2 protein chains.
Amino acid sequence: MGITKSDKFTEAQNRLANIAKVLGHPARIAIIQHLFKIDSCICGDLVNEIGLAQPTISQHLKVLKSVGIIQGSISGTSVCYCIDQDEWNNLSEIIGQFLSQKANTVDDVCC
Amino acid sequence: MGITKSDKFTEAQNRLANIAKVLGHPARIAIIQHLFKIDSCICGDLVNEIGLAQPTISQHLKVLKSVGIIQGSISGTSVCYCIDQDEWNNLSEIIGQFLSQKANTVDDVCC
DNA sequence: AGGTTATATTCCAATATTACGATGAATAGA
DNA sequence: TCTATTCATCGTAATATTGGAATATAACCT
């Protein structure tokens with residue numbers, strides 16, 4: 001595996017795929033849901049909440065940060081994570097537009 | 001890597017992540033977009049349309065079929081693929097609901 | 001400074017994914 | 001039947017992802 005031939009696709013296609021890829025892990029879904037649930041931001045409670053080791057959570061947080069979904073702010077020894085609502089709306093728009101596609105099927109030709 | 005600890009997450013979380021994962025490759029995004037664009041179904045024109053080898057496309061189609069996004073029907077020596085609009089609406093609903101989450105932030109506590 | 005706590009990084013094993021050549025199965029047409 | 005066409009599957013190389021142990025880093029407190 002491995003090499004995705006990104007150069008064969010458009011910027012938009014790569015971007016969309018990348019966002020989807022980041023969402024493509026249950027731990028990251030769980031982290032996002034938890035951050036939404038707790039209005040206050042969270043730190044390493046996530047490690048307790050989700051049943052994975054601290055380095056693993058840290059890595060998932062990094063991935064989420066890489067597409068801008070979450071933000072972290074340091075407060076003392078702990079880091080407070082939360083959803084970046086603006087960025088979330090942004091991504092939501094991109095994905096939503098993709099999802100709202102409809103077949104302009106006059107008649108189904110075969111399926 | 002490798003083992004995703006699916007048992008640590010809910011059914012819904014795993015399902016959502018799985019859908020996202022399937023969408024997490026530009027080739028599959030491109031395939032979906034092309035199938036939407038051409039109202040009539042498509043066969044191995046996809047191989048020409050997208051610049052990847054036939055086995056590779058075939059593999060991506062299989063992944064897309066695995067979550068029910070597309071259907072294929074045989075006509076002669078060629079196979080006709082198209083979006084399963086019902087299933088698409090279904091997935092769209094699931095993802096859309098996830099995306100529409102809002103922070104119930106009264107005040108931002110830290111970020 | 002020394003100790004504690006919280007988080008990030010590094011490293012590695014296990015596994016998954018991507019891409020494609022080679023091969024196989026099915027069908028249409030000569 | 002023979003051949004060409006179309007697609008799926010197998011096998012394999014290259015690469016990516018996950019998970020966690022070990023370790024580093026940073027901030028706080030005494």
Side-chain angles (χ1 to χ4, degrees), chain A residues 1-9 13-14 17-31 34-35 40-67 70-82 110-111, chain B residues 1-9 13-14 17-31 35 41-67 70-82 110-111:
Chain A
M1 184 256 279
I3 290 180
T4 294
K5 302 201 163 176
S6 322
D7 52 309
K8 302 223 171 191
F9 308 102
Q13 286 168 337
N14 282 316
N18 193 249
I19 297 168
K21 194 159 140 191
V22 167
L23 297 179
H25 194 288
R28 294 194 286 264
I29 297 289
I31 289 174
H34 196 246
L35 286 179
S40 135
C41 309
I42 302 286
C43 337
D45 303 336
L46 287 164
V47 176
N48 301 318
E49 189 67 23
I50 309 192
L52 296 174
Q54 180 267 322
T56 308
I57 297 293
S58 190
Q59 238 173 156
H60 283 305
L61 289 170
K62 193 174 171 184
V63 173
L64 289 170
K65 259 197 289 188
S66 79
V67 284
I70 64 175
Q71 279 182 325
S73 62
I74 303 169
S75 69
T77 63
S78 54
V79 177
C80 218
Y81 280 104
C82 65
C110 61
C111 306
Chain B
M1 184 254 283
I3 291 182
T4 294
K5 303 203 162 175
S6 324
D7 52 309
K8 301 220 173 192
F9 309 101
Q13 286 168 337
N14 282 315
N18 196 48
I19 296 168
K21 195 159 138 191
V22 168
L23 297 179
H25 195 288
R28 294 195 284 265
I29 297 290
I31 289 173
L35 286 179
C41 309
I42 301 285
C43 337
D45 302 336
L46 286 165
V47 176
N48 301 318
E49 190 66 24
I50 309 190
L52 297 174
Q54 180 266 322
T56 308
I57 297 294
S58 193
Q59 229 172 166
H60 284 304
L61 289 170
K62 194 174 170 184
V63 173
L64 289 169
K65 260 196 290 188
S66 79
V67 283
I70 63 175
Q71 278 181 325
S73 62
I74 302 169
S75 69
T77 63
S78 53
V79 177
C80 218
Y81 281 103
C82 64
C110 61
C111 305

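Chain naming here is simple, since letters A, B, ... match the order of the sequence lines and numbering starts at 1 in each. Quick caveat: nothing in here was measured; it's all calculated off a predicted structure.
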key: Separation of atom NZ in A:K21 from atom C1' in D:dT15, rounded to whole Å   = 11 Å
query = Quick one: which of D:dG19, D:dC28, D:dA8 gets closest to the side chain of B:K65?
reply = D:dA8
key: Euclidean distance, atom CG of residue B:L52 to atom P of C:dA19 [Å, nearest integer]   = 5 Å
Proximal nucleotide (of D:dG19, D:dC28, C:dC20) relative to the B:T56 side chain = C:dC20
key: Residue whose nearest DNA chain C nucleotide is more 5′ - B:G76 or A:D45   = A:D45
inquiry  = Rounded to whole Å, please give me the gap between CG in A:N48 and P in C:dT5.
reply    = 14 Å
task = Mind calculating the distance between CG (A:L61) and P (D:dG19) to the nearest angstrom?
result = 13 Å
query = Taking the side chain of A:S58 as its heavy atoms from C-beta onward, which of D:dG20, C:dT9, C:dA28 lies nearest to it?
reply = C:dT9
note = Among C:dA22, C:dT9, D:dG19, the one nearest any side-chain atom of B:P55 is C:dA22
query = When rounded to the nearest 0.5 angstrom, what is the spacing between NE2 in B:H25 and CZ in A:F9?
reply = 6.0 Å
Nearest-neighbour nucleotide for the A:H60 side chain, C:dT18, C:dT5, D:dG19 considered = D:dG19
inquiry  = Between C:dA19 and B:Q59, counting only base atoms on the nucleotide and side-chain atoms on the residue, is there a donor-acceptor pair under 3.5 Å?
reply    = yes
Whether A:S58 side chain and A:P55 backbone form a donor-acceptor pair below 3.5 Å = no
message = By nearest atom, which of the nucleotides C:dA8, D:dC7, C:dC20 is closest to the B:Q54 side chain?
response = D:dC7
key: Rounded distance (Å) that lies between atom P of D:dA26 and atom CD1 of A:I74   = 10 Å
key: Full working for side chain to side chain contact (heavy atoms under 4.5 Å, CB included) between B:L46 and B:L61   = CA-CA 10 Å; B:L46 286 165; B:L61 289 170; 3.9 Å; yes
query = Using a cut-off of 4.0 Å on non-hydrogen atoms, how would the nucleic acid contact of B:I57 be classed: base, sugar-phosphate, or nothing?
reply = nothing
request  = Would you kindly compare B:K62 and B:S78 by the position of their nearest DNA chain D nucleotide and give the one closer to the 5′ end?
outcome  = B:S78
ask   = Taking atom P of D:dA8 as reference, at what distance in whole Å does atom CG of B:L46 sit?
value = 10 Å
task = Measure from the side chain of B:A53, starting at C-beta and using heavy atoms only, and say which of C:dA19, C:dT7, C:dC20 lies closest.
result = C:dC20
key: Straight-line distance of A:H60 NE2 to A:I31 CD1, nearest 0.5 Å   = 6.0 Å
remark   = Which of D:dC7, D:dT15, C:dA19 is nearest the side chain of B:Y81? It is D:dC7
request  = Figure out the CD1/C1' separation between B:I31 and C:dA19, and round it to whole Å.
outcome  = 13 Å
Exercise: identify the closest heavy-atom pair between A:L35 and A:Y81 = CD2-O, 3.4 Å
message = Categorize A:K8 for me: base, sugar-phosphate, or nothing, with a 4.0 angstrom heavy-atom threshold over every strand shown.
response = nothing
